[in-house]
Amino acid sequence: HNLKHYYESQGLSPFNYIPLTFHIKSTDKASDYLKFVSAFAEYSKDPTIHNVWIVKPGENTNRVNGIVVLNDIKEISSKFVNISEEKHTYIVQKYIENPLLIDKRKFDIRCYAMITSINKRVKAYFYNGGYLRTTSTDYSLASLEDKFVHLTNDAVQIKSEDYGKYEAGNKLSFADLQKYFDTNFGEMEIDFQRDILSQIKKLVRDSVRSTYAVIDPNRRAHSMEIFGYDFMLDDAFNVYLIEINTNPCLEVTSPLLSKIIPSMLDDSFRVALDPLFPPPDFQSSRKPIYNEILPEIKYTLIFDEMVEALDLVQLNHSYESAIKELGEEEE
């Protein structure tokens with residue numbers, strides 16, 4: 001909702017950046033459920049679309065619990081029969097039916113960001129590293145119930161007999177993806193850092209800009225949190241933000257992750273904690289090393305509340321004024 005509001009305030013379509021998504025809290029009139037039913041009916045008119053949707057609980061979806069892929073309106077609606085009595089909501093998101101594939105298999109891209117609130121000042125950082133998560137089975141829309149085809153999460157793929165058959169731990173690096181681009185799409189001259197990661201970084205920044213006011217409303221003196229961002233590419237190389245995970249999985253399930261995750265955590269603490277609790281100075285107790293290279297911190301500052309807050313307040317005010325004027329015109 002916040003990201004949708006943010007893009008619309010700039011005259012942009014949010015669904016160029018995120019799949020069409022509905023947050024189902026009830027089946028009452030004027031609810032998102034009825035909007036979803038209308039969208040489903042509209043997609044049904046297009047014979048080239050399979051009308052596939054992914055349905056997941058709106059809360060506590062770690063380890064892919066409760067996630068299903070469906071294309072039948074009755075099956076989807078059956079999930080919400082007792083929603084008024086349940087203590088959780090549902091997310092219904094348009095499934096990307098034409099994903100970019102690696103060797104006929106689906107993949108997504110996991111990136112990290114960190115938000116800090118130090119002295120009640122919110123900042124956000126993008127981690128310039130990440131990895132790909134691949135499926136174990138060739139992609140097909142003929143078997144929507146097969147999670148080994150459609151869900152890249154480790155909690156699912158580790159149960160497949162083919163887990164690790166193609167890549168160690170079903171993980172690939174950004175360098176591996178660049179090699180795949182060079183080999184299979186050489187004429188397009190796609191540069192992952194320039195053409196893909198730059199878009200990812202912008203989407204992460206937009207997500208923070210759209211929510212910074214509600215991320216830490218009490219403005220605690222000192223806090224930090226790491227978020228796991230999941231992205232997908234379609235076969236036209238468009239980048240979509242699929243979801244943002246609090247408490248992302250930090251298990252080291254492959255040689256690649258044994259390098260990425262510890263380094264990411266170390267950099268997180270160096271950015272968030274070292275300014276508050278400077279590490280001891282060991283320089284005087286050891287001999288200097290000629291041409292010593294200091295370790296690189298891979299985080300980049302992408303948001304500073306002190307710099308951008310006024311601009312966002314004005315943007316929000318302009319959007320709300322436009323919506324109010326539109327409503328008055330319709331009356």
Side-chain angles (χ1 to χ4, degrees), residues 1-23 32 35-36 39-40 42-43 46 48-56 58 61 64 67-71 90-102 105-113 126-127 130-135 139 141 144 147 149-153 156 172 174 177-178 180-181 185 188 190-211 227-246 248 302:
H1 172 77
N2 292 299
L3 199 54
K4 178 176 180 291
H5 182 126
Y6 173 78
Y7 284 128
E8 289 177 344
S9 70
Q10 301 176 75
L12 302 172
S13 171
F15 305 116
N16 289 333
Y17 309 97
I18 55 176
L20 180 60
T21 305
F22 300 93
H23 189 188
D32 257 20
K35 295 178 183 177
F36 157 68
F40 188 96
E42 195 63 30
Y43 277 112
D46 188 340
T48 65
I49 294 177
H50 290 77
N51 216 357
V52 180
W53 298 75
I54 187 164
V55 182
K56 49 191 171 184
T61 56
V64 300
I67 298 180
V68 292
V69 180
L70 301 168
N71 66 345
Y90 287 89
I91 299 296
V92 181
Q93 188 175 74
K94 186 67 187 69
Y95 189 76
I96 297 176
E97 299 180 6
N98 59 325
L100 183 68
L101 305 177
I102 289 183
R105 291 173 294 116
K106 186 177 170 182
F107 71 94
D108 68 5
I109 301 173
R110 165 57 62 92
C111 294
Y112 296 100
F126 178 75
Y127 188 71
Y131 58 93
L132 278 60
R133 305 183 300 181
T134 63
T135 59
Y139 178 73
L141 288 174
L144 297 183
K147 293 185 177 182
V149 171
H150 299 287
L151 303 181
T152 60
N153 310 64
V156 170
L172 289 170
F174 290 168
L177 181 58
Q178 183 63 61
Y180 187 79
F181 286 162
F185 306 98
M188 298 179 68
I190 300 170
D191 184 291
F192 175 78
Q193 296 284 334
R194 180 193 65 207
D195 302 322
I196 307 299
L197 195 63
S198 61
Q199 292 187 63
I200 287 175
K201 187 176 180 178
K202 181 183 181 302
L203 283 169
V204 173
R205 180 173 181 266
D206 289 346
S207 73
V208 177
R209 283 170 60 88
S210 68
T211 58
F227 296 87
Y229 282 73
D230 295 335
F231 298 88
M232 283 188 61
L233 308 179
D234 65 15
D235 57 10
F237 297 91
N238 296 307
V239 179
Y240 294 93
L241 170 59
I242 302 301
E243 65 180 19
I244 305 170
N245 302 275
T246 59
I302 57 172

In chain order, what residues pass the ring-ring contact (aromatic ring centres under 6.0 Å, His included) check against Tyr90, with sequence neighbours excluded?
Phe80, His88

Over all atoms of both residues, closest heavy-atom pair of Tyr139 and Ile96:
OH-O, 3.9 Å

Shortest non-hydrogen contact between His50 and Leu141, atoms and distance:
ND1-CD1, 3.5 Å

Which pair of non-hydrogen atoms, one from Ile302 and one from Phe126, has the smallest distance, and what is that distance?
CG2-CB, 3.8 Å

Do Leu233 and Asn238 come within less than 4.5 Å of each other through their side chains, counting heavy atoms only?
no

Looking at side-chain heavy atoms only, is the closest gap between Cys111 and Tyr131 below 4.5 Å?
no

For residues 13-22, which side-chain N or O atoms pair as donor and acceptor with protein atoms under 3.5 Å away, sequence neighbours left out?
residue : atom : partner : partner atom : Å
Ser13   : OG   : Phe15   : N            : 3.4
Thr21   : OG1  : Pro19   : O            : 2.7
Thr21   : OG1  : Gln93   : NE2          : 3.2

Got a second to check how far Asp230's CG is from Ile242's CD1, nearest 0.5 Å?
8.0 Å

Test side-chain contact (heavy atoms from CB on, under 4.5 Å) on Leu151 and Thr135; report intermediate values, then the result.
CA-CA 7 Å; Leu151 303 181; Thr135 59; over 6 Å; no

Kindly assign one of parallel, tilted or perpendicular to the pair Phe36 and Phe40, based on the angle between their ring planes and the thresholds 30° and 60°.
perpendicular

Ring centroid separation Tyr95 to His150 under 6.0 Å:
yes

Under a 4.5 Å cut-off applied to non-hydrogen side-chain atoms, are Leu172 and Thr134 in contact?
yes

Side chain of Asp235, backbone of Leu100: donor and acceptor closer than 3.5 Å?
no

List the steps, then state whether side-chain contact (heavy atoms from CB on, under 4.5 Å) holds for Ile200 with Tyr229.
CA-CA 9 Å; Ile200 287 175; Tyr229 282 73; over 6 Å; no

Would you say Lys147's side chain and Ile67's backbone share a donor-acceptor pair under 3.5 angstrom?
yes

Value rounded to 0.5 Å, distance of OH in Tyr240 from CD1 in Ile109
13.5 Å

Do Asn245 and Phe227 come close enough that some side-chain heavy atom pair is under 4.5 Å?
no

For residues Leu177 and Ile196, determine if any side-chain heavy atom of one lies less than 4.5 Å from a side-chain heavy atom of the other.
no

Which atom of Tyr112 lies closest to which atom of Gly228, heavy atoms considered
CD2-CA, 4.2 Å

Looking only at heavy atoms, the pair that brings Ser210 and Ser207 closest together is OG-O, 3.0 Å

Got a second to check how far Glu42's CD is from Ile49's CD1, nearest 0.5 Å?
9.5 Å

Evaluate Leu203 against Leu3 for side-chain contact (heavy atoms from CB on, under 4.5 Å), listing each step before the verdict.
CA-CA 10 Å; Leu203 283 169; Leu3 199 54; 5.7 Å; no

Taking the six-membered ring for Trp, is the centroid-to-centroid distance between Phe181 and Phe237 below 6.0 Å?
yes

Less than 4.5 Å apart, any side-chain heavy atom of Val149 and any of Leu144?
no

If we count only N and O atoms by modelled type, under 3.5 Å, do the side chains of Thr211 and Tyr6 hold a donor and an acceptor together?
no

Measuring from Asp206:CG to Lys201:NZ, what's the distance to the nearest 0.5 Å?
12.5 Å

Nearest 0.5 Å, what's the CE-CD distance between Met232 and Glu243?
11.5 Å

Which of parallel (below 30°), tilted (30 to 60°) and perpendicular (above 60°) describes Phe174 and Phe192?
tilted

Heavy atoms of Gln193 and Asp191 approach each other most closely as N-OD1, 3.0 Å

Does a donor on one side chain and an acceptor on the other come within less than 3.5 Å for Asn51 and Asn71?
no

Value rounded to 0.5 Å, distance of CZ in Arg110 from OG1 in Thr152:
8.5 Å

Partners passing ring-ring contact (aromatic ring centres under 6.0 Å, His included) against Tyr127 (at least two apart in sequence or in another chain):
Tyr299

